[in-house]
Amino acid sequence: MSTELTITITGEAGQGLQTIGLALCRIFQKKGYYIFADQDYMSRVRGGNNFFRIRVSQERISAPRRFCDIAVCLDKDSVDLQLPFMAEHGVMILDKKTFKIAENQARFFDVALAELAQQTGGSSIYVNSIASGLIAGLMQLDLSLVESVLSSAFGKKGKDVVQKNLAAAREGYALGSKKQEDGRFQLEPAGAQGNWLLDGSQALGLGAIKAGCTFYSAYPMTPSTGIMNYLAAYADQYGVVVEQAEDEIAAVNMAIGAAFAGVRAMTGTSGGGFCLMTEGISLAAMTETPVVIVDAQRPGPATGFPTRTEQADLDLVIHAGHGEFARAVFAPGNSEQLFMLTQRAFNLAEKYQIPVILLTDQLLADTIVNSDPFPLGGMKIERHLETSGVHEKDGEPYQRYQLEASGISPRRLPALGAGLVYADSDEHTEAGHITEDAGLRKRMVEKRFHCKMQGLKKEVEPPGAHCLDGCQWVLMGYGSTYGVMREAAGKFKPGQFGVLHLSQVWPFPQEEITRALQHAGRVITVENNAGAQLAKLLFRETGIKAFTSILEYNGRPFDLDGLLSRINTEVRP
Amino acid sequence: MSTELTITITGEAGQGLQTIGLALCRIFQKKGYYIFADQDYMSRVRGGNNFFRIRVSQERISAPRRFCDIAVCLDKDSVDLQLPFMAEHGVMILDKKTFKIAENQARFFDVALAELAQQTGGSSIYVNSIASGLIAGLMQLDLSLVESVLSSAFGKKGKDVVQKNLAAAREGYALGSKKQEDGRFQLEPAGAQGNWLLDGSQALGLGAIKAGCTFYSAYPMTPSTGIMNYLAAYADQYGVVVEQAEDEIAAVNMAIGAAFAGVRAMTGTSGGGFCLMTEGISLAAMTETPVVIVDAQRPGPATGFPTRTEQADLDLVIHAGHGEFARAVFAPGNSEQLFMLTQRAFNLAEKYQIPVILLTDQLLADTIVNSDPFPLGGMKIERHLETSGVHEKDGEPYQRYQLEASGISPRRLPALGAGLVYADSDEHTEAGHITEDAGLRKRMVEKRFHCKMQGLKKEVEPPGAHCLDGCQWVLMGYGSTYGVMREAAGKFKPGQFGVLHLSQVWPFPQEEITRALQHAGRVITVENNAGAQLAKLLFRETGIKAFTSILEYNGRPFDLDGLLSRINTEVRP
Amino acid sequence: MMPGDYKTHNEIAWCPGCGNFGIANALQQALAAMALNPKDVLLVSGIGQAAKLPHYIKANCFNGLHGRALPVAAGAKIANRKLTVLVTTGDGDCYGEGGNHFIHAIRRNLDITVMVHDNQIYGLTKGQASPTTDPGYVTKVQTHGALLEPMHPLAVAMALGAGFVARGYSKDVKHLADLIQAGVQYKGFALIDVLQPCISFNKKNTYQWYDERVYTLDASYDAGNEAGAYQKAREWGDKIPLGVIYQKASFTYEEKTGLAGRAPLVEMDIDSIDVGAPVKAFQVDAEEE
Amino acid sequence: MMPGDYKTHNEIAWCPGCGNFGIANALQQALAAMALNPKDVLLVSGIGQAAKLPHYIKANCFNGLHGRALPVAAGAKIANRKLTVLVTTGDGDCYGEGGNHFIHAIRRNLDITVMVHDNQIYGLTKGQASPTTDPGYVTKVQTHGALLEPMHPLAVAMALGAGFVARGYSKDVKHLADLIQAGVQYKGFALIDVLQPCISFNKKNTYQWYDERVYTLDASYDAGNEAGAYQKAREWGDKIPLGVIYQKASFTYEEKTGLAGRAPLVEMDIDSIDVGAPVKAFQVDAEEE
Ligand SMILES: Cc1ncc(C[n+]2csc(CCOP(=O)(O)OP(=O)(O)O)c2C)c(N)n1
Ligand SMILES: Cc1ncc(C[n+]2csc(CCOP(=O)(O)OP(=O)(O)O)c2C)c(N)n1
Ligand code: SF4
Ligand code: SF4
Ligand SMILES: [Mg+2]
Ligand SMILES: [Mg+2]
């Protein structure tokens, strides 16, 4: 019996890796296991090599492992590619005949997948259900569980398809059960009952729905497209308009237009599209229009690695847009944070009438994890709209940009409040009209920049701090590295490694970080980029120098084993 | 007799301020005076209030003064607007009758401009030449000088026009001579003979011509349009193609295409357009295409103050573009630097095969100054193209992105060298083809980012350091504040104020700055922005904290008197 | 309200004599004729001389970025379909920088009206060629004259499927006011290209130049005949037609999406949204898709 | 060189059966037929499945950003007019993200050839509607089917003044190869919209669907008749014409600017440029303008 396993399904794009992967996740969820399933795919629709990697465990987990216990290889290439990533006693399911492999290896579990698929279903696509059955057999999970998951997965395709898939799964199950007599792939029972299973795009999308976002305009761009798909799927039910724009410039400007008219509006993209939106972000700031922008990061520059992961847009999003203005940037670290901070983003955007950026990445977007149910009632919708009309007494017309010490002018909506709303991208008077006045300009800059930043700083999201006091070393990161840092720290003796995670990177939580690090050890930033951007930001904002930075910039996420070995070689605790 | 005067021509857009202003500049140039003439104009074609302010001096100068000695008011509004900016004994030329001003003030020099213009020329446009004459008279300059400048200024319009203008000028001259018996507006003779008179757009444009830039694509945007106009004027002579693009995205991508095909290519814009170019900058970095981008700053966010000045894009240009890559950013401080660093930008861009940014602003672009003749032979053109064909021996095809320790691959041009050139915006192999390989990705990031940055750092432009050793305070800035900092520092006792000016802000000249400040006093950054961006950059890159920052962000440049008084109140030396 | 009541007190930054005044007047007349409440009107503009117009009109206003008026207008209209949305933009703003939005706004067919102040030049930036500049017109940048094929915006709009395509002339204020009214009343995307003399930078296409060429389409003209209208849309030279060049009935975005049948988005109550349904999909007993 | 000699050894990332293979083959045939030296050919592409093509062809290649192939091609062609420049782009790349460049590249009329792999869908990003997606086609984003008016790129190109407008079909390789050759030989901007089945995401416009509808224009068709050609360009439905829909002689950018008469920019000697003339204008004895 084991406490955890890593199972990898690997093959070409289009071979149905996702189908097996998702079915297995569902089976594990039903058994109450904890799941962390990440996806590695190429920027193509067919061929190449992809994998779907499921780590399943009796305990809470939050990162992938490097080595895998069970690999299902769906084509020949994947055998070679997967071999270096097999755990010592790992087994590799493959179809030697079909792949034309003559050689024998101890870890090979040769199954005539293609032949069996033909026999049971009459088509090679039944390989997927055979493989699902195989794994369930190897792990000695209940066959009925497999059957129920596959039944609902294929339910829509009709009875016949369901039956054939079940037959295939049974075939696989029998073979798997036979192979594993030592129980090495059996997992201890677990207690994750009631947990949810979802990916990051869904968590973020749900946050947006919950926040009352009714307008999402975007141009498709991996890895942000999942958000658009998710919102489109629920558009009818929640009255959300999902508008595919002609380009990212249109996307952000549409969102600004919608927000100006009074709805909660969001757009999403990745680095290249974000670049195109930056002038619009500056517009949102100038016109004081609340808008939420998701930058789901992928490796750049330019087209880069479209389907892979990176955290290199931190500097970009903090400084994007010409001119000086207040903004907030969140960097959620897991699904619950994705859900909560998306809601928070809307609240802050409307309170301060600013653009708010959600920084995620491919790892967060595509990784399927389970999570405790989200606190659904936790976050109130705060719109900060002015409806009283007090500003129009004495015949004074409404002034959209009325100067206030807080930097926040009373916000009304066109057609809905008293008075007319003039919004302007030029420097403007309090009434929203073009001005050339030097003194007014100065006050307007202070309003949009200094005053609002001051307010934002006061309600910055506190960083996640774990076991900092008295620790020898601190692993520090933002966004998607949260999980792997926490697991890695937990592998050391108590007192060795603390973790400090920023889920809001701007305004930088200067005081909170300084305080948190007061009694903590030396800082090691863990970043999915090449420039140690967080380490530099930390120094710039607090004067604290990181001891070192563990950086990964090959387009792949950190895995637990990789990070541990990097810590051992680069830090030597 | 005085050593310097400030003369302001002020009135509505369209009243011909520039005509008078330029004529006066020419007259002063001929007399060997030093000139600093800045322009303040609104974002409109007619009406409003603009001014053309000429500081003319016996000594070298490099900043505007706040108060003016002679003001020519061309409309009523300008009288009120100009009054607070008059020097104690300043005189204001105005047409009380036309402006319907009844009141009398000692400084009013009432001239029936409109009437006289009608009498001498038959049209109100002759006001301009009357005013030129008036000023020459007040200053007791030779009438013949005025005549010769106006003759060549109006030469193209025919004899009759010239004659009428000369008559008008003589009229004015006579009146001016009469008024000034105390000689207060007479200037000591000066020695600026042989100096050139030009604005910043011309200095930069000349640099580009000299550097062999034969392709300039841009979309009109103040204050960058002057560069396009200048290059267009010389396009035929130097074989330059000036292409007005449909938008800034096209502009930068065209320049990249042209550079890829082998010419030296540049584009120019201001903040908002720069935002739109940022994805393209990332493309230049990824494809390793040398391209020069001018960001002529103006106050943002969004449309902001289209015709005014600011230095708030520093953070933006350093971090613009998604992904991590090497770039260089120059911030020339005067015309000679504009000329030299534009050439240097092309050399560096081609050596490192990177985007290079020239950061200027409205003040630099529009201000007319005189300068010593530029060193025309000083900068060699270094193209770093590979023509030898060595890399194709043994049948090895040409590899555009061959890995080298320097990060610099041999660059060949399509059709011109041996082999085919594959350039790719995806992560690519050495041969330029799409890859998904993790290891190669890592090396390519290091090539584009770490290796090139290392090389760039070694040849960073040394900052301008003046009187730093042992000084009490250091005025530190970048770009257009050079002149005003130097003049201000010179007004204090020796040993009080040194000056440190960065003409290259990225890579940050870390070592050079640290060394320069070693024996110097506390740093005061002088910046035309609200965020003290340079002070923050200084801290981040060197750990040196500025004592304070003197910031101006009302859309107007620093003037000498303003800076001096800010120093006195905010620093108290 | 009378036309004059739609005027603001802001100082007008246009050159005296500029064709933009006529457009502002026509818009005021049209608003008055339709008795629209300023509160229910939203003017969206980009940047340029044209784009300053909303500051001079009593109505809500979003004066956005150069080239980006159309997407802002789309977002606002989708958010609150009760707003009467008019876009005021220039030939550079709409056909140059904003060209991509022009294409797709037509395809999207929201119920908005777009007035392009077409002075065949970049006015605010002091006289560069615009997409509609006549060939050969010399500027500081186009030193050998404009070389690119001039755009026929009305023909392009028709090729893109626009259902209301018209040309006005800023000097013929009454006619233009009628066109604006017709455009606003048209259900769908209405394009009105307005000939607008720029006295400062377009020394060719002057009032006189237009006066000599324009003629108003009369009742005999069939704006419903697509082939004929397409020819009309391209007519440019000695004769330039004014009026509704082409009109057809169309399904609007609002109709196709069903927005038309529901309360405006902005009126939805978002205070306590029940996310029960999507949450169910995360749970153990979720239905697989 | 034979068509096969224009192939590279890079692994092809398209789905087996994809219409893009036919386009690649046609391009190879066309290059071979014109006996072009790969060194003198530049393929420029954006991003998408279509845009991967240059990696599979022996020629110079600039594989740029999504939507931005046309300006890169323009810059490269202006810099070295001796290059035979072909753009390979998708319907999303060229008409969606790159729509503004499409408009103005036609107006600019450089001597380049543009092949739009028009699969009526966003392939690489897994199946969203593109500007040419047929109305009603359901995707994950367009859950009620595509709603926007589909674009007729050939008609729009004509309205913009394009001088060579053609449609090919990736399955008819020989015909497409001829079109490409004609496009390259045409002096000016040549647009070839290529019907290209996407077997993975476009389940409507399949090989069969196209097979049932396409017909090839024969010698009796007059591609020089603009009015007739415009109708042809809009023909879409039961019948879809293939061939050169419209062709007219035009002055190219190179001719208008005078580039055509001089050595390519890239061959200019820039080593020691004499700036005497502009410097003179800065000096005391400068002629005032
Ligand atoms: C991104 C961006 N690029 C360029 C500009 C500069 N700009 C302002 S208005 C304008 C063109 C104006 O022409 P048009 O739209 O025809 O308006 P007009 O002034 O002629 O009414 C330009 C290029 C800008 N504000 N923003
Ligand atoms: C700025 C930017 N936005 C979005 C994307 C994502 N993207 C890549 S290809 C593509 C669309 C592809 O469609 P099409 O051009 O029709 O090519 P196809 O794959 O169908 O051949 C998109 C949206 C991107 N790479 N860059
Ligand atoms: S520049 Fe032309 S368009 Fe602008 S206000 Fe003056 S006349 Fe009108
Ligand atoms: S997704 Fe479609 S267009 Fe892309 S390669 Fe596959 S079949 Fe071809
Ligand atoms: Mg215009
Ligand atoms: Mg496509």
Q: Determine whether the side chains of Tyr95(D) and Asp193(D) contain a donor N or O and an acceptor N or O closer than 3.5 Å.
A: yes
Q: Shorter than 4.5 Å, heavy atoms on both sides: which option in Arg262(D), Glu11(D), Lys52(D), Arg68(D) has the most such pairs with chain B?
A: Arg68(D)
Q: Taking NZ in Lys39(D) as the centre, count heavy atoms belonging to other residues, nucleotides or ligands within less than 6.0 Å. Is the count above 12?
A: yes
Q: With respect to chain B, which residue among Asn100(D), Asp40(D), Ile103(D) yields the maximal number of heavy-atom pairs within a distance under 4.5 Å?
A: Asn100(D)
Q: Please classify the contact of Lys58(D) with chain B as side chain, backbone, both or neither, using a heavy-atom distance under 4.5 Å.
A: both
Q: Regarding Asn63(D) and Ser425(B), is there a side-chain donor-to-acceptor distance under 3.5 Å anywhere?
A: no
Q: Tell me, for Gln193(B) versus chain D, whether the close heavy atoms (under 4.5 Å) come from the side chain, the backbone, both or neither.
A: neither
Q: Let me know if Thr214(B) has heavy atoms under 4.5 Å from chain D in its side chain, its backbone, both or neither.
A: both
Q: Could you look at Tyr234(B) and say if it's the side chain, the backbone, both or neither that has a heavy atom under 4.5 Å from chain D?
A: side chain
Q: Taking atom types as modelled and ignoring hydrogens, do the side chains of His433(B) and Asn10(D) form a donor-acceptor contact shorter than 3.5 angstrom?
A: yes
Q: Side chain, backbone, both or neither: which part of Leu259(D) has an atom under 4.5 Å from a heavy atom of chain B?
A: side chain
Q: Consider only side-chain N and O atoms of Tyr186(D) and Ser250(D), and report whether a donor and an acceptor are under 3.5 Å apart.
A: yes
Q: In terms of relative ring orientation, are His428(B) and Tyr401(B) parallel, tilted or perpendicular, with 30° and 60° separating the classes?
A: parallel
Q: Quick one: of Ala79(D), Ala74(D), Ala69(D), who has the most non-hydrogen atom pairs under 4.5 Å with chain B?
A: Ala79(D)
Q: What part of Asp274(D) gets within 4.5 angstrom of chain B, counting heavy atoms only: side chain, backbone, both, or neither?
A: backbone
Q: Is the ring pair Phe282(D)/Tyr230(B) parallel, tilted or perpendicular, if the boundaries are 30 and 60 degrees?
A: parallel
Q: Non-hydrogen atoms of chain D under 4.5 Å away: do they reach the side chain of Leu376(B), the backbone, both or neither?
A: side chain
Q: Answer yes or no: is there an ion pair linking Arg400(B) with Glu288(B), defined by an N-O contact shorter than 4.0 Å?
A: no
Q: Is Asn195(B) in contact with chain D via its backbone, its side chain, both, or neither, using a 4.5 Å heavy-atom distance?
A: backbone
Q: Quick check for you: among Val279(D), Leu83(D), Val72(D), which has the greatest number of heavy-atom pairs under 4.5 Å with chain B?
A: Val72(D)
Q: Kindly indicate, with the supporting measurements, whether the criterion salt bridge (charged side-chain N to carboxylate O under 4.0 Å, His left out) is fulfilled by Arg108(D) and Glu243(B).
A: CA-CA 10 Å; Arg108(D) 197 166 277 118; Glu243(B) 182 57 18; 2.6 Å; yes
Q: Quick one: what part of Ala277(D) sits under 4.5 Å from any heavy atom of chain B, side chain, backbone, both or neither?
A: both
Q: Does a side-chain N-to-carboxylate-O contact under 4.0 Å join Lys82(D) and Glu267(D)?
A: yes
Q: Using a cut-off of under 4.5 Å for heavy-atom pairs, which of Ala105(D), Ala73(D), Ala59(D), Ala13(D) has the most such pairs with chain B?
A: Ala59(D)
Q: Tell me whether the rings of Tyr122(D) and His66(D) are parallel (<30°), tilted (30 to 60°) or perpendicular (>60°).
A: perpendicular
Q: Identify which part of Ile78(D) has an atom lying under 4.5 Å from any heavy atom of chain B, answering side chain, backbone, both or neither.
A: side chain
Q: Below 4.5 Å from any heavy atom of chain D, which atoms of Ser148(B) appear? Answer side chain, backbone, both or neither.
A: neither
Q: Carefully, step by step, assess Arg107(D) and Glu246(B) under the rule salt bridge (charged side-chain N to carboxylate O under 4.0 Å, His left out).
A: CA-CA 10 Å; Arg107(D) 298 183 50 233; Glu246(B) 55 270 26; over 6 Å; no
Q: Tell me, side chain or backbone of Ala211(B) under 4.5 Å from chain D's heavy atoms, or both, or neither?
A: backbone
Q: For Glu350(B) and Arg411(B), run salt bridge (charged side-chain N to carboxylate O under 4.0 Å, His left out): C-alpha distance rounded to whole Å, both residues' side-chain angles, the deciding distance at 0.1 Å, then the answer.
A: CA-CA 9 Å; Glu350(B) 287 210 292; Arg411(B) 177 164 165 245; 3.0 Å; yes
Q: Examine whether an atom of Leu65(D) lies under 4.5 Å from a heavy atom of chain B, and if so say whether it belongs to the side chain, the backbone or both; otherwise answer neither.
A: both
Q: Less than 4.5 Å to any heavy atom of chain B: does that hold for the side chain of Pro54(D), its backbone, both, or neither?
A: backbone
Q: Where on Gln244(B) is there a heavy atom nearer than 4.5 Å to chain D: the side chain, the backbone, both, or neither?
A: backbone
Q: Measure Ile47(D) against the heavy atoms of chain B and call it side chain, backbone, both or neither at under 4.5 Å.
A: side chain
Q: If we define contacts as heavy-atom pairs under 4.5 Å, which of Asp269(D), Val275(D), Thr8(D) has the most with chain B?
A: Val275(D)
